[in-house]
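Working notes, beginning with the structure itself.
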Amino acid sequence: MSTTTPADLFELHRTDHPVPDEERAKLLEHPRFGTVFTDHMARIGWTADGGWANRRVEPYAPLVLDPAAAVLHYGQEIFEGLKAYRHADGSIWSFRPQANAARFARSAHRLALPELSEDDFLGAITALVAADRDWVPSGEETSLYLRPFMYAAERFLGVRPANAVEFLTIASPVGPYFASGGVQPVSIWISTDFHRAGPGGTGAAKCGGNYAASLLPQQEAYAKGFDQVCFLDVAGETLEELGGMNVMVVHADGRVTTPAISGTILEGVTRSSILTLLAEAGHEVSEEPVRLDELTAGLASGEVAEVFACGTAAVMTPIGRLASDDFDLTVGDGGAGPVTVAIREQLTDIQTGRAADLHGWLYRLV
Ligand code: COI
């Protein structure tokens, strides 16, 4: 008996001009984050009258966009980030994509975009990875980054939710997010001039506007010689998140604290997975306000042992230095701490099939 899967609903239109094998092999050798894209993209259209229709995988190509398309004017757009990993037996798996599908639906709701079903989300990534399976790299610290996104395509300048929307998924073979590499510590500038989100805003939604707002402070952090920026709450008292990843603090007694989900930070899938692994490893984990004054005092006294960034792209990246207008502190000895290294290894071992998936987190794509 044959059963139809969500991926079967996507009609495959293969490109006549795939990247030649030799060129693709070269591109997969050292893929720099977000610079190389595969041969195809998955796509579904939506209209207020017709709903979701025309599911397809088609050649990767520039989009046709009307200059009056609402997304270009009012930023009605959301996206997701997840990865496909090649296992030793050649099979290809994704990590908790149902959680990304659920967050995508929450983001859509906040941006007044139509909700995409979990089936369509999973169908799109599965059909795309099946078509572009040769693009999934197999090297250490590599994967195929999947970027589902949805935008308001209607040609209309009035300010209201669009009646025509496009959903696409593109794929990009990637290595580590930070140029320094997977477990090399990064330096973080804590911004006191700018905030990423406020209560009732869009901080918990994965929408382009949040990232656009982070660019100027990020640019300022770069100009001061730092790798990333960290945002504080609107009162300037507690840590929120970095420009595209969550943050966690490991205390010398083994306790781990991380900013609580409060509507102003992204509900990271990697964040929640790490909290589970930490708790299972015997760490007391606490989602609570992380006060900047307590963090700096803890770093100075040695009560704070490790700080790390986490996210799909960043995985777990140790933070070796934290600074702002009135302090400049080294975290631990400035290197990658043992808790960060151990949990990172556990997480990536599960993702890449080197360790058993005891939580049912993996989802087979190919
Ligand atoms: C991710 O970790 O997937 C992100 O979306 C963060 C960044 C690359 C925008």
Side-chain angles (χ1 to χ4, degrees), residues 31-38 75 77-85 94-108 110-111 121 124-125 128-129 136 141-151 167-183 186 188 196-197 202-219 221-222 227-231 240-248 258-259 261 264-275 308-319 344 347-348 351 361 363:
R32 222 185 89 222
F33 188 90
T35 57
V36 175
F37 296 92
T38 65
E77 185 269 353
I78 58 169
F79 69 97
E80 267 303 322
L82 67 168
K83 286 175 172 171
Y85 306 88
S94 177
F95 183 74
R96 305 184 70 188
Q98 302 90 338
N100 293 90
R103 187 173 63 189
F104 198 57
R106 292 196 298 276
S107 298
R110 181 62 185 85
L111 272 286
F121 188 95
I125 63 168
L128 177 60
V129 173
V136 184
E141 300 280 335
T142 64
S143 58
L144 185 68
Y145 184 78
L146 303 171
R147 172 51 65 85
F149 61 103
M150 189 195 294
Y151 63 90
F167 164 74
L168 285 100
T169 301
I170 54 175
S172 171
V174 295
Y177 183 72
F178 289 104
S180 50
V183 281
V186 293
I188 302 296
R196 177 184 168 277
T202 57
K206 207 160 172 64
C207 60
N210 289 341
Y211 296 79
S214 77
L215 296 180
L216 176 64
Q218 193 170 297
Q219 202 176 31
Y222 292 158
D227 296 306
Q228 255 291 336
V229 65
C230 177
F231 294 99
E240 294 254 294
E241 66 177 72
L242 312 188
M245 52 211 80
N246 296 118
V247 62
M248 293 199 193
T258 192
I261 298 296
T264 56
I265 67 165
L266 194 78
E267 299 172 23
V269 178
T270 307
R271 173 188 179 281
S272 95
S273 311
I274 290 169
L275 289 177
F308 63 84
C310 57
T312 298
V315 192
M316 281 174 78
T317 304
I319 294 173
R344 186 184 201 281
L347 177 68
T348 53
Q351 291 170 331
W361 282 340
Y363 179 88

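Note that ligands are numbered from 1 as they come in the structure, with each ligand's atoms numbered from 1 the same way.
Between Phe121 and Phe104, the distance from one ring center to the other falls under 6.0 angstrom. Phe33 and Tyr145 have their aromatic ring centers within a separation under 6.0 angstrom.
Using a 4.0 Å cutoff on heavy atoms, Arg147 counts as a contact of ligand 1. Met245 does not count as a contact of ligand 1, since none of its heavy atoms falls under 4.0 Å from the ligand.
Counting only distance, with no hydrogens or angles, the side chain of Glu267 and the backbone of Arg103 share no donor-acceptor pair below 3.5 Å. Side chain of Arg196 to main chain of Ser214: no donor-acceptor pair is present (N/O by atom type, distance under 3.5 Å, no hydrogens or angles).
Salt bridge Arg147/Glu80: absent, no basic N to carboxylate O contact under 4.0 Å.
Between Ala313 and ligand 1, at least one pair of N/O atoms sits closer than 3.5 Å. Geometrically, ligand 1 and Tyr177 share no nitrogen or oxygen pair separated by less than 3.5 Å.
No side-chain donor-acceptor contact under 3.5 Å links Thr270 and Arg96.
Considering every non-hydrogen atom in both Leu266 and Ile261, the closest pair reads O-CD1, 4.2 Å.
Nearest protein neighbour of atom 5 (O) of ligand 1, counting heavy atoms only, is Lys206 NZ, 2.8 Å. Residue, atom and distance of the protein heavy atom nearest to atom 9 (C) of ligand 1 are Tyr211 CE2, 3.7 Å.
Counting atoms of ligand 1 from 1 in the listed order, those under 4.0 Å from a heavy atom of Gly244 are 6 (C).
At a heavy-atom distance under 4.0 Å, no atom of Glu80 approaches ligand 1.
Of the options Phe33, Phe79, Tyr145, the smallest heavy-atom separation from atom 3 (O) of ligand 1 is shown by Tyr145.
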